[in-house]
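Just below is one structure, and these are the notes that go with it.
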Amino acid sequence: MRYLPLTPNDRQDMLATIGASSIDELFVDVPEEARLDGPIRDLPMHAGEMAVEAHMKKLARNNSAAGDMPFFLGAGAYRHHVPASVDHIIQRGEFLTAYTPYQPEIAQGTLQTLFEFQTQVARLFGVDVANASMYDGSTACWEAIVMARRITKRGKAVLSSGLHPHYVSVAKTMARFTKDQLVSEAPTLDAATDGADLLDQIDDDTSCVVVQYPDILGRVSDMSALAEKAHSHKALLIAVVTEPVALGAIKAPGQMDADIVVGEGQSLGVGLQFGGPYVGLFGCKQKYVRQMPGRLCGETVDAEGKRGFVLTLSTREQHIRREKATSNICTNSGLCALAFTAHMTLLGEKGLRELAMLNHKKAVVAADRLAKINGISLLNESFFNEFTLVLDKDARPIVRKLADQKILAGVSLGRLYPDENDLAHGLVVAVTETTSDEDVETLALALEGELA
Amino acid sequence: MSMLTEGRPTKQEENIIAPDTGALKTHTGNRALMVDEPLIFETGSPDRSGVDLPAAPTVESRLGGLDRDEPISIPGLSEAETVRHYTRLSRQNYAIDVGLFPLGSCTMKHNPRLNEKMARLKGFSDIHPLQPVDSVQGALETIYQLADWLKTLTGMPAVAMSPKAGAHGELCGILAIRSALEARGDAREVILVPESAHGTNPATAAFAGYKVEDIPANANGRVDLDALKARLGPDVAGVMITNPNTCGLFEPDMKAISDAVHDAGGLVYCDGANFNAIVGRVRPGDLGIDAMHINLHKTFSTPHGGGGPGSGPVVFSEALEPFAPLPFVEKTEDGHFHLVEEETAEDHHESSFGRMVAFHGQMGMFTRALTYMLSHGADGLKQVSEDAVLNANYVLRSMEDLLEAPFAKSGPCMHEALFSDNGFTNGLTTLDLAKGLIDEGYHPMTMYFPLVVHGAMLVEPTETESKAAIDQFIGALRSVAGRAKAGDELLKSAPHFAPRRRLDETQAARKPILVWQEPEEYAEAAE
């Protein structure tokens, strides 16, 4: 019990000060029938560092790590190289073990970092303001829909068929309880995005239209017409970015007049981590700032006139407003936001643009190579670092077989859309700066073998 | 123009000795190790970078004509500058690695570095959530093992692992309750929330579409059982209760409350944020609770990280098990781990209320929490709650002659001790005491919470503090409390020694500046 400093003598001394004869006296409010008489059975006793390490390493070894084999998965989580100094920075104890910055005079480190993060996110998204992060992209997406309802006082959200199906699932789960109406369809294996269909869905009952950019099949398309149509009906355009690196190469959603932009920040600094913790990004136009959920850090001055930072506009939050709160968000993803902002600071505009073009051009080369395989065609006319291959058979068993051969081939659309038979031949392939030419060749040869 | 001078970095000083006060100043405004760090926007440059990337292949881009054609305006720093920037910022933070955190209701305990090391094993950190399940059997087993610990420690049969934080876990629990009631065709409308519950509880219930009604606390800081019983009826879906509650007290009537709610056809949600006070000594399942979230960062020491990430798994009673959200992990008879999500959900999962989040929850927190559980074991966790409660009562009894402790007469507290600012003079408040503690080298306790106590101060020493550390803290608290009672004027302007003096939160809220702008834009805004 190396983490517990009290000695038996300390405990006796302290009980004496308290005036109790035993520790049990301190648990007097716990009803007799609910008290346990000894350590919970069925669980092991304490263990030393070596033993715990051995246990955890055994569990870790039983996973195929992405870095150990050709790896092409994306669909909402991307493998990028994280500079070593990012992990060093987030392991500084003063960041890692700090509390929520409710006492700003001794939390300027966290607060200034959040202010820098907010500014970076707003500029990346091309919007006026951003918050101090959300749980992840999918919950940020749902909070954006709720925010649009608050602003427009309407409850019908139109979701693009290119929106990540898990994000749609989250929205559907929540909408069941909040009585929002969601309009959504699965995508079709088509190079063109759903622009025209989506335009027709927007009417005077619509609170928002939600578009992913690039979308789940890797397609990129101009959102300006959607923004215009939405605005003509006084509805909002919400853009969802699951791969922020893309915005180093393609236009910011704000440039196309998106009102709210949300995203998943995992690509920068955070790592794959089997799905979490990730970092939700959330920005919007200035005029909606007071409806924005989540924590916000703002600039102010101290009693001597020096610049400083504080959490602000927290009167919207649930711990203050109780049942009148506008959101269920309580925490943010502070440490992941720090990782994101440190990685972004290392990149700068120059590095981000270079990283983005490196991702994109490697993906172009890979897409052309894979499209040459008999039985495969490339769906996308345009894409960033992820594209969809259409196979001449169900992609699911092929992905599983390739995994057994130590190739992690991509995400089969059958896994994401189990009820859509038409999509079963789709395979979404992501290529980043970590993908080597040999990796692409290995995948190509393996796919040739499976499709021959 | 005031914003330009007030909101920008402090100007360089002309004189080393201030002419008015004679105080010593420096040319930079810095004081040796206390250095004011500029923003990256003031020192970085868009064409500077701290990364070297290989050249991109020479092929035509295929971005659909959407090439980013305007500046992004994100500055970069070299690697050396970046490390220095964040290292300097970090030194302006108080943290549990720096000192004792007497924060009630949000346990800040030692964060073992073994947890960090284990979470970074590539078999955990470098795996994708959509990899074929055969390639992540160890990850699924990790989730399964952690789930098993949580079920065993709480005495409850099911657990949802995906909620991203405590409040998200509350939402998960309340949605399961609503699903269960709807499944039996029972559309109840009201959730009862005692005053002694966390503020997140009523917010969560309202967010899930319920009407919220308060139940008062009694004179001892516990739920008024009679008032609760009187309000129960066919329109009440359930109760959301925090136990141990926000006054730091165990609800002795918990079983009676559960029985009464069940008899009236409702269900019981318990906010388990304070599970660290009873882990290993009490199983919430034995108290009749139907759903309870567990803050892994509190009870099982995953780092708070300046505000998150959290992780809020929810345990369920048998009544709610069928409604648990997707995804979850099952173990087959041949020892294979099976991930149940949309693709693989079978008929017996059809009552699940759905998916709350993309992917599988906070894996990086799961590995840390499991590492901590294995380190402590069943015996260590019991010792954890005992020491947490012992330390809190030691603080309570060492302070109650000086600070009013509203519920101390009614017996021991659990893991945190509650005081009020009754007896402070000269207009001094809890806030002033808190800022005084900063000058003594401590992070303040929780202030103005719970709401049922005037000028509340909630102190939680946690089990990872030694007697010597707590004695030193008690000494500091006694000193500042004594000054507050004596009306010491200097407390009103505390802190005096922190990186910043008191910050103007009103100005920040009145005209929010949430992103950095070029100085000329500030000037324009001020005109």
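The figures here come from the full heavy-atom set of this structure, side chains too, leaving out hydrogens, waters and symmetry mates. Everything numeric in this text was worked out from a predicted model, so none of it was measured. Proteins come first, then strands; the chains are lettered A, B, ... in the order of their sequence lines, and each starts at number 1.
Enclosure of atom CD in Glu60(B) is not indicated, since only 12 or fewer non-hydrogen atoms of other residues, nucleotides or ligands lie within 6.0 angstrom. Taking a 6.0 Å sphere around CG of Asp69(B), one finds it holds more than 12 heavy atoms contributed by other residues, nucleotides or ligands.
Both the backbone and the side chain of Asp222(A) have a heavy atom closer than 4.5 Å to some heavy atom of chain B. Both the backbone and the side chain of Pro71(B) come within contact range of chain A, judged by heavy atoms closer than 4.5 Å. Only the side chain of Arg397(B) comes within contact range of chain A, judged by heavy atoms closer than 4.5 Å. With a 4.5 angstrom heavy-atom cutoff, Gln255(A) touches chain B only via side-chain atoms. Within the 4.5 angstrom heavy-atom criterion, only side-chain atoms of Val411(A), from C-beta onward, approach chain B. With a 4.5 Å cut-off on non-hydrogen atoms, Leu287(B) touches chain A through its side chain but not through its backbone. Residue contact with chain B, scored on non-hydrogen atoms closer than 4.5 Å, involves the backbone and the side chain of Ile18(A) alike. With a 4.5 angstrom heavy-atom cutoff, Thr139(A) touches chain B only via side-chain atoms. Heavy-atom distances place the backbone of Ala208(B), and not its side chain, under 4.5 Å from chain A. Only the side chain of Ser398(B) comes within contact range of chain A, with heavy atoms under 4.5 Å apart. Contact of Leu114(B) with chain A is made through the side chain alone, with heavy-atom distances under 4.5 Å. For Arg2(A), the part lying under 4.5 angstrom from a heavy atom of chain B is the side chain only. If you measure heavy-atom distances from Ala122(A) to chain B, the contacts under 4.5 Å come from the side chain alone. In this structure, the portion of Pro83(A) lying under 4.5 Å from any heavy atom of chain B is its side chain and not its backbone. No part of Lys172(A) comes within reach of chain B, as not one of its non-hydrogen atoms sits under 4.5 angstrom from that chain. Contact annotation for Leu124(A): both backbone and side-chain heavy atoms come within less than 4.5 Å of a heavy atom of chain B. Proximity to chain B is limited to the side chain of Leu352(A), based on heavy atoms less than 4.5 angstrom apart. Proximity to chain B involves both the backbone and the side chain of Gln108(A), based on heavy atoms less than 4.5 angstrom apart. With a 4.5 angstrom heavy-atom cutoff, His443(B) touches chain A via backbone and side-chain atoms both. Heavy atoms closer than 4.5 Å to chain B are found nowhere in Arg61(A), neither backbone nor side chain. Within the 4.5 angstrom heavy-atom criterion, atoms from both the backbone and the side chain of Ser169(A) approach chain B.
Counting heavy-atom pairs under 4.5 Å between each of Glu354(A), Lys57(A), Lys350(A), Glu94(A) and chain B puts Glu94(A) at the top. Looking only at heavy-atom pairs under 4.5 Å with chain A, the residue among Ile96(B), Leu390(B), Asp97(B), Ile72(B) that has the most is Ile72(B). Between chain A and the residues Met365(B), Met356(B), His168(B), His110(B), the largest count of heavy-atom pairs under 4.5 Å involves His168(B). Of the listed residues (Glu79(B), Gln92(B), Arg178(B), His360(B)), the greatest number of heavy-atom pairs within a distance under 4.5 Å of chain A belongs to Gln92(B). Top candidate by heavy-atom pairs under 4.5 Å with chain B, chosen from Leu358(A), Leu15(A), Thr113(A), Asp404(A), is Leu358(A). When the candidates Arg281(B), Glu463(B), Arg283(B), Met363(B) are compared by the number of heavy-atom contacts under 4.5 Å with chain A, Arg281(B) comes out ahead. Contact tally against chain A (heavy-atom pairs below 4.5 Å) for Tyr86(B), Phe41(B), Phe359(B): the top residue is Tyr86(B). Heavy-atom pairs under 4.5 Å with chain A peak, among Asp134(B), Val98(B), Asn111(B), Leu130(B), at Leu130(B).
Glu37(B) contributes no side-chain N or O that, together with a main-chain N or O of Leu89(B), makes up a donor-acceptor pair within less than 3.5 Å. Of the possible polar contacts, one joining the Ser49(B) side chain to the Leu347(A) backbone as a donor-acceptor pair under 3.5 Å is found.
Nearest heavy-atom pair, Ala498(B) versus Ile106(A), reported as atom, atom and distance to 0.1 Å: CB-CG2, 4.1 Å.
With respect to Asp286(B) and Lys255(B), no salt bridge is recorded, no charged nitrogen being found less than 4.0 Å from a carboxylate O. Between Asp13(A) and Lys467(B) no salt bridge is recorded (no basic side-chain N to carboxylate O distance below 4.0 Å).
If you check the side chains of His128(B) and Arg79(A), you find no donor sitting under 3.5 Å from an acceptor. In summary, the side chains of Asp504(B) and Thr300(A) do not present any donor paired with an acceptor at a separation below 3.5 Å, with no hydrogens or angles considered.
Contact check for Phe101(B) versus Thr97(A): no side-chain heavy atoms found under the 4.5 Å cut-off. Considering only heavy atoms from C-beta on, Gln383(B) stays 4.5 Å or farther from His376(B) through its side chain. Taking the side chain as every heavy atom from C-beta outward, Val515(B) and Asp128(A) never approach each other to under 4.5 Å. Two residues are said to be in side-chain contact when any heavy atoms from C-beta on lie closer than 4.5 Å; Lys361(A) and Ser61(B) meet this criterion. Within the 4.5 Å cutoff, no side-chain heavy atoms of Asp36(B) are placed close to those of Pro499(B). Taking 4.5 Å as the limit, every side-chain heavy atom of Leu296(A) sits out of range of all side-chain heavy atoms of Pro512(B). Under the 4.5 Å side-chain criterion, counting only non-hydrogen atoms from C-beta, Gln120(A) is in contact with Thr345(A).
By the side chain to side chain donor-acceptor pair (under 3.5 Å) test, Lys435(B) pairs with Gln103(A), Glu105(A), sequence neighbours left out.
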